[in-house]
Amino acid sequence: MCKRLAIAATLVFAVALTNTMARALSPNDTLLAQATQMPTTAPKSPAPTTAPKAPTTVTPKAPEASSAPEASAALIDINSASADDLQTLSGIGAARAKAIMGGRPYKGKDDLVKKGILPSAVYAGIKDKIIAKQK
């Protein structure tokens, strides 16, 4: 409490002294006196800090058993698939399915591009869904 009173008294004295001096000073000296005045407001206290929140953990769910057959996840064998099976692939219509069946047997699935049966863009879209099984 005594410290606050001492600071307040110093501020009052500094303001009174500055006002007295300002009357006797030139305009340039007035600017200098104003620049060196002590602030009349108390310093702001720092903003309250909040404790960081603990990270939440999410436990992954177990995959649900699917009642649908896993035929969609199975690879399609280009050496033995029917035209209907081949047409389930994106970019393969009736004409390309017929061309694939006509170019059999294939040593590898990339033979579709090597033999000119499919363009590379179509092959890139289906290469992870097909296989060329050997008999």
Side-chain angles (χ1 to χ4, degrees):
M1 179 92 171
C2 290
K3 189 174 186 180
R4 286 186 184 173
L5 287 175
I7 292 173
T10 304
L11 287 175
V12 170
F13 178 72
V15 170
L17 182 62
T18 304
N19 288 339
T20 305
M21 289 176 52
R23 289 186 211 128
L25 298 175
S26 67
N28 289 338
D29 293 335
T30 303
L31 290 175
L32 179 61
Q34 288 175 352
T36 59
Q37 278 186 355
M38 295 184 61
T40 57
T41 59
K44 294 183 180 179
S45 62
T49 57
T50 58
K53 295 181 180 179
T56 58
T57 56
V58 177
T59 55
K61 291 183 177 180
E64 296 179 14
S66 170
S67 60
E70 300 207 17
S72 62
L75 296 175
I76 296 176
D77 181 16
I78 59 174
N79 281 325
S80 63
S82 67
D84 291 333
D85 290 338
L86 291 170
Q87 289 180 34
T88 62
L89 299 167
S90 63
I92 306 296
R96 286 189 175 153
K98 185 177 179 181
I100 291 170
M101 291 171 65
R104 290 177 179 163
Y106 300 102
K107 291 181 180 178
K109 60 185 179 180
D110 59 338
D111 283 350
L112 292 171
V113 176
K114 290 178 183 176
K115 291 184 177 183
I117 307 291
L118 294 179
S120 58
V122 173
Y123 174 73
I126 66 168
K127 68 181 179 180
D128 296 330
K129 300 172 187 172
I130 60 173
I131 192 169
K133 292 182 181 177
Q134 305 300 311
K135 292 186 179 183

Enumerate donor-acceptor pairs with a distance under 3.5 Å from any side-chain N or O in residues 120-135 to protein atoms, sequence neighbours excluded.
| residue | atom | partner | partner atom | Å |
| --- | --- | --- | --- | --- |
| Q134 | NE2 | Y106 | O | 3.0 |
| Q134 | NE2 | K107 | O | 2.8 |
| Q134 | NE2 | A132 | O | 3.2 |

What side-chain donor-acceptor pairs closer than 3.5 Å can you find for residues 85-94, not counting sequence neighbours?
| residue | atom | partner | partner atom | Å |
| --- | --- | --- | --- | --- |
| D85 | OD2 | S82 | OG | 3.3 |
| T88 | OG1 | D85 | O | 2.5 |

More than 12 non-hydrogen atoms from neighbouring residues, nucleotides or ligands closer than 6.0 Å to NZ on K115, yes or no?
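Atom NZ in K115 is packed in, count exceeds 12.
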Can a donor-acceptor pair be found, under 3.5 Å and without considering hydrogens, that links the side chain of R96 to the backbone of I117?
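Not a single qualifying donor-acceptor pair exists.
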Residue list, side-chain hydrogen bond (donor to acceptor under 3.5 Å, both in side chains) with K114, at least two apart or on another chain
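Only D110 meet the side-chain hydrogen bond (donor to acceptor under 3.5 Å, both in side chains) criterion with K114.
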Excluding sequence neighbours, so at least two apart, what forms side chain to side chain contact (heavy atoms under 4.5 Å, CB included) with P105?
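P105 satisfies side chain to side chain contact (heavy atoms under 4.5 Å, CB included) with N79 once adjacent residues are dropped.
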Can you name the residues that form a salt bridge (charged side-chain N to carboxylate O under 4.0 Å, His left out) with D77, not counting sequence neighbours?
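By the salt bridge (charged side-chain N to carboxylate O under 4.0 Å, His left out) rule, D77 matches no residue at all.
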